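Some notes on the structure that comes next.
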Amino acid sequence: MENMIMNQLDYPILSWTVFLPLIGIPILLLIRNAKAIRWTTLLMTIITFFVSLPLLCGFDKTTYKMQFVEKSEWIPSWGINYLIGIDGISIFFILLTTLLSILCVLVSWKSVGTKVKEFHIAILAMETGMLGVFVAMDFFLFYLFWEAMLIPMFILIGVFGGENRVYAAVKFFLYTLAGSLLMLVGIVVLYLYGGRTLDIMALSQIQYPIKMQYWLFMAFFAAFAVKVPMFPVHTWLPDAHTEAPTAGSVILAGVLIKMGAYGFLRFSMPMLPDATLFFSGPILVLSIIAIIYGALVCFAQKDFKRLIAYSSVSHMGFVTLGLFALNTQGMEGGILQMVNHGVITGAMFLMIGMIYERTHTRVIADYGGFAKLVPWYAGFFMVLTFASIGLPGTNGFIGEFLIIFGAFKANMILGVFAATGIILGAGYMLTLYQKIFFQDADPDYEFSGKHPVRDLELREVITLLPLFVLIFWIGFYPNTFLEYMHSSVEHLLQQVNQNVYAGGENVFAKYIMEIF
Amino acid sequence: MLKYILIPLLPLLSFIINILFGRNYIKNRAHWIAVPAILGSFVLAVSACIEVLNGKVIDINVYSWIVSGSFNVSVGILIDQLTAVMLMVVTSIGSLIFIYSVGYMHGDKGYYRFFAYLSLFIFSMLTLVMANNFLIMYLGWEAVGLCSYFLIGFWFHKKSAGDAGKKAFIVNRFGDFGFGLGVILIFLTFGSLNYMEVFGAAGGIVGQTITLLGYKVDLITLICLLLFCGAMGKSAQFPFHVWLPDAMEGPTPVSALIHAATMVTAGVFMVARCNTLFSYSQTAMNTVAIVGGFTAIFAATIALVQNDIKRVIAYSTVSQLGYMFLALGVGAYSAGVFHLYTHAFFKALLFLGSGSVIHALHHAKQDDEQNMQVMGGLKKHMPITYWVFILATLSITGIPFLSGFFSKDEILWQTFQAGDLGKFLWFLGALAALLTAFYSWRLIYLTFHGEYRGDTECESRIHESPLVITIPLMLLAVGAVAAGWVGIPPVFLEHGDKIGYFLAPVLGHPEGHGTHAQEYFVIASSIFVAIAGWVIAYIMYIKNPGLPEKLFSAFRPVHKVLFNKYYIDEFYDKTIVQPVLKASDKIILAFDVNVIEGVVNGVPSLIGVFSKGLRKIQTGLLSNYAAVMAIGVLCVVGYMFFMR
């Protein structure tokens, strides 16, 4: 109990946040009218967001301990508790999830015309699932939410997606499931070794034998690497992102793929410090490959949405690079970059969805001259483009800079390779921007004359605005966000560095150094 | 404190207002916001400079920007002597160019956008020069690059403009790659990014080495070279010079302000700012000097044969920037900054003058015309433009007692004094001065002298530009003539080198070893080459207009190489651009689709093959199952029986 602070408020704020969306589902079942369904869902997500806001003010930034903890027995014979709480790492993902859920409802206002009820139920179920993953402090609860999330996502892609939706949905499902099952084995091992408890904090205190750490690390790695996704298990992502409806892509990019990295932070690192140190070398190399490989693939893309999807591979490469640099700057940069990526790529998918509603094409070559046709849209997308390539003053810079700083600190060569990703990023993003927005629109094409494309409407601007505020807020005053994570990150690094077996020596990193 | 912060914030405010409300409300009144904003900045900058002149140095941290573990960096401003000079250059020339743009951009559809971007640029540039630490400088650095991208691609409906903007941004990113790593290395070395702290501690790390790829590298040299990498990108030094000539796709005021007077000098400013670091590394200094000297002559040779009026001036800019780096590299920091300052006036004037020509021809022909070969004889139609052009040319070629003469001469003299390498570099510099004189006068003769080479009907419509254009030209002409009078060398006037003494607290004052006789020799030779270049141009383009053609055919291969800019663009395309695109398209994508996807899709199909095989067993016939079961039982029983 010494490593957690019970909920300070007089109401169970985390439970409310997590389960409010779920409460919306039975209400939706009673409603017939599509418009009423949309408004109810919107209201539910907005209420959830405002319920989650007090977390920010009530949060004690000086401690690494779990806060707002709620605990009650659930299945005592198995040692399973209902145990939830947050720390300086998970708090952002809670807020990012509650925020993005609102935007997902808003952006789908017109684009989802059939099966409206099912769609919104899936969104709400999704929200509860995601929030649950980030607050669960009991492995059973965690695994439950982790797997439960798959179902609404599967439906979102498989039912509401594009032409190839079934293939993408099945691929997404199988990939994730395969990883998760290995994690389940890992959890069972932890349970048995750790004295038949599933309390995550308690399990983090135990010293595991080195061989067991390696095996456990690989089991967890399988689940998390697929989610991130790391090279070479990334191929589900372009399909899933591209085929998913806009709301699905936003959730995928904004929250779902952060869960892999979150898993590393929550489980792999504190529980398996020796294995973390041992495997950090290869993971760093895989991250570098992901950064460069992901960027190079972007150059060849002909599909607007697919290009952004592949750019996620590159950006998430930055995230894992920062986390596994295993120093303060890298890790804080990595966590911040997860938020950033959620904001930027989330906003990009929102905007792609908006333009797709108008043009019904995702082929880049069909576009051109859109700066003239939809100037406000072009302006907004310009901001996203530059945030994505890490221009100072935007959030992308703060994250990428801290990550490259951390990587450089860990190993100079890594820093140098990571920095090339920034050149490549500028290359593919500016090329994309030029092809879509610059030059003159093809006069024969229907966008230019016969059916002029509408510019952004008020609802869409409102949808985008919170994310744009975040882009500049984090860009100019990142301390608001960094302050929350200092204690937790320091504590986590202490845990990792307490490795007994390796004696603080990074075997693999040394090996890598010898190659160069 | 507020008044210092307002210097960059006023233009930022103008940007925000114009970009948000320009399209629907402000439209062609955008200058009513932008021009007062920059004039306000100018006034505040002047007052700050007066404080600096009175010996005050302003160094304030405004707020803490990024804190992460031991990493801590603030948003802060530093106004010292060096910043003061830059502030004056940026806000004064900026103000004139804003006013000029009111006339030049009149009637353009993107009028409000233009002023918004220009304001953003001024904000970024001021941030760059007023920073008190490396990361804020980096912020300004990237932001000016962004504005440059916007403004080069201002007429984005032209493919060439979009391409040029993209090229500028990406080439600069190559430089910034080094700059960014340099900033990180500085923090890891000194534990701070604040200028004062870093420069104060620089002496302590001399001689330290780090191991890189198995080699021992001198730490301070590595830091300097990484920083210089960024400077080469922004200041368009070889081999990163390729973006600047293409940047001429932007509107001419942009070429004048960003791609001649201010932004491209950021690299020079940065090296001057870090002079404490560079002074500790002879290797880095020599690199700066050699890159500068080489670029000075390299770009000048290309300028000899170009026909686009703006491109000639663009290559001239690259060459003059080379001069500045040459000065920095031989330790004559204040000479480099002095040339930066005078160059800003006469180069802005040259660009705005050429803009005036383009503007007039645009109105006459209803089409853009920048090819000098179809101009000629504009002298009588545009007398003001012609005369300011002459003054700017006299200044840039180094005719005595004009601005360019003093600063260029200071550089050549300091270079001459700097040891053996110095003599060689001086020779390069003097040769470049000869070429400069030639191509500058060639430009004048082709554009303004002789007969108009277009159709006569069109000629009758050519007029001098309106006052809003010519007044800034005349003001700049005053600068082109007189700006250099703050740096008169001591051989002419005791205590004449005011700017050198002013900058000495930041940049130091080089100790000269040369004699007066040598100094007179250097001055005489610069005057000689300036006049020699002029005379050659006169002979080739006025006296004997057929001569250039004969020369070109005699040296066809040389002309072809120069005309095609040494084929460097083509080289980059073949070695960098195409390989990346090919790798992306052919190798990586193929790998992603075939290999990884092959494995992924292969597993299910493998399972499919298995299940197909297994399906054959599922016959559904009870007798089959019974038989298999019997065989199984027999096997098990047999095993138990015999093997035990």
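As the structure is a prediction and not an experimental result, all values here were calculated from the model.
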For A/Phe299 against B/Leu581, the heavy-atom pair lying closest together: CD2-CD2, 3.7 Å
Euclidean distance, B/Phe187 CZ relative to A/Phe405 CZ, rounded to 0.5 Å: 5.0 Å
B/Phe174 CZ to A/Ile422 CD1 distance, which is reported to the nearest 0.5 Å: 12.5 Å
Top of A/Leu482, A/Asn479, A/Val297 for chain B proximity - count of heavy-atom pairs under 4.5 angstrom: A/Asn479
Part of B/Asn72 lying under 4.5 Å from any heavy atom of chain A: neither
Contact class of B/Tyr63 relative to chain A, heavy atoms under 4.5 angstrom: side chain
Residue A/Ile404 versus chain B: region with a heavy atom under 4.5 Å: both
Side chain / backbone / both / neither for A/Pro238 at chain B, heavy atoms under 4.5 Å: neither
Under 4.5 Å from a heavy atom of chain B, the part of A/Val416 involved: both
Side-chain heavy atoms of A/Phe401 within contact of B/Leu135, under 4.5 Å: yes
A/Ile389 side chain near B/Phe169 side chain, heavy-atom distance below 4.5 Å: yes
Reported CH2-to-CZ distance for the pair B/Trp65 and A/Phe476, which is rounded to 0.5 angstrom: 8.0 Å
Heavy-atom pair count under 4.5 Å with chain B, highest-scoring of A/Ile398, A/Leu391, A/Leu402: A/Leu391
Residues forming a ring-ring contact (aromatic ring centres under 6.0 Å, His included) with B/Tyr215, sequence neighbours excluded: none
Under 4.5 Å from any heavy atom of chain A - which part of B/Ile66: both
Give every donor-acceptor pair under 3.5 Å between a side-chain atom in residues 423-436 of chain A and any protein atom, sequence neighbours left out.
from     : atom 1 : to       : atom 2 : distance (Å)
A/Thr431 : OG1    : A/Gly427 : O      : 2.5
A/Tyr433 : OH     : A/Ala378 : O      : 2.6
A/Gln434 : OE1    : B/Lys166 : NZ     : 3.1
A/Gln434 : NE2    : B/Asp163 : OD1    : 2.7

Stepwise side chain to side chain contact (heavy atoms under 4.5 Å, CB included) check, B/Leu185 with A/Met412: CA-CA 9 Å; B/Leu185 192 56; A/Met412 275 178 117; 3.8 Å; yes
Residue selection (most heavy-atom pairs with chain B, distance under 4.5 Å) from A/Ala295, A/Cys298, A/Pro375, A/Gly379: A/Pro375
Contacting moiety of B/Leu146, where chain A heavy atoms sit under 4.5 Å: side chain
Residue A/Lys61 excluded, over 12 heavy atoms near NZ under 6.0 Å: yes
Pair A/Phe386 and B/Tyr149, ring centroids less than 6.0 Å apart: yes
Contact residues of residues 327-335 of chain A (partner chain B; heavy-atom separation under 4.5 angstrom): A/Thr328, A/Gln329, A/Glu332
Flag if over 12 foreign heavy atoms under 6.0 Å of CZ, B/Phe21: no
Contact origin within A/Gln301 toward chain B - heavy atom pairs under 4.5 Å: side chain
Side chain to side chain, B/Phe150 and A/Met382, heavy atoms closer than 4.5 Å: yes
Pairs touching residues 121-136 of chain B that satisfy side chain to side chain donor-acceptor pair (under 3.5 Å), sequence neighbours left out: B/Asp59-B/Asn132, B/Asn61-B/Asn132
Contacting region of A/Met485 [heavy-atom separation from chain B under 4.5 Å]: neither
Smallest separation among heavy atoms of A/Phe408 and B/Leu188, with atom names: CD2-CD1, 3.5 Å
Side chain proximity check, A/Lys409 to B/Ser70, heavy atoms < 4.5 angstrom: yes
Least distance between heavy atoms, A/Tyr477 atom then B/Ser64 atom: CE1-O, 3.6 Å
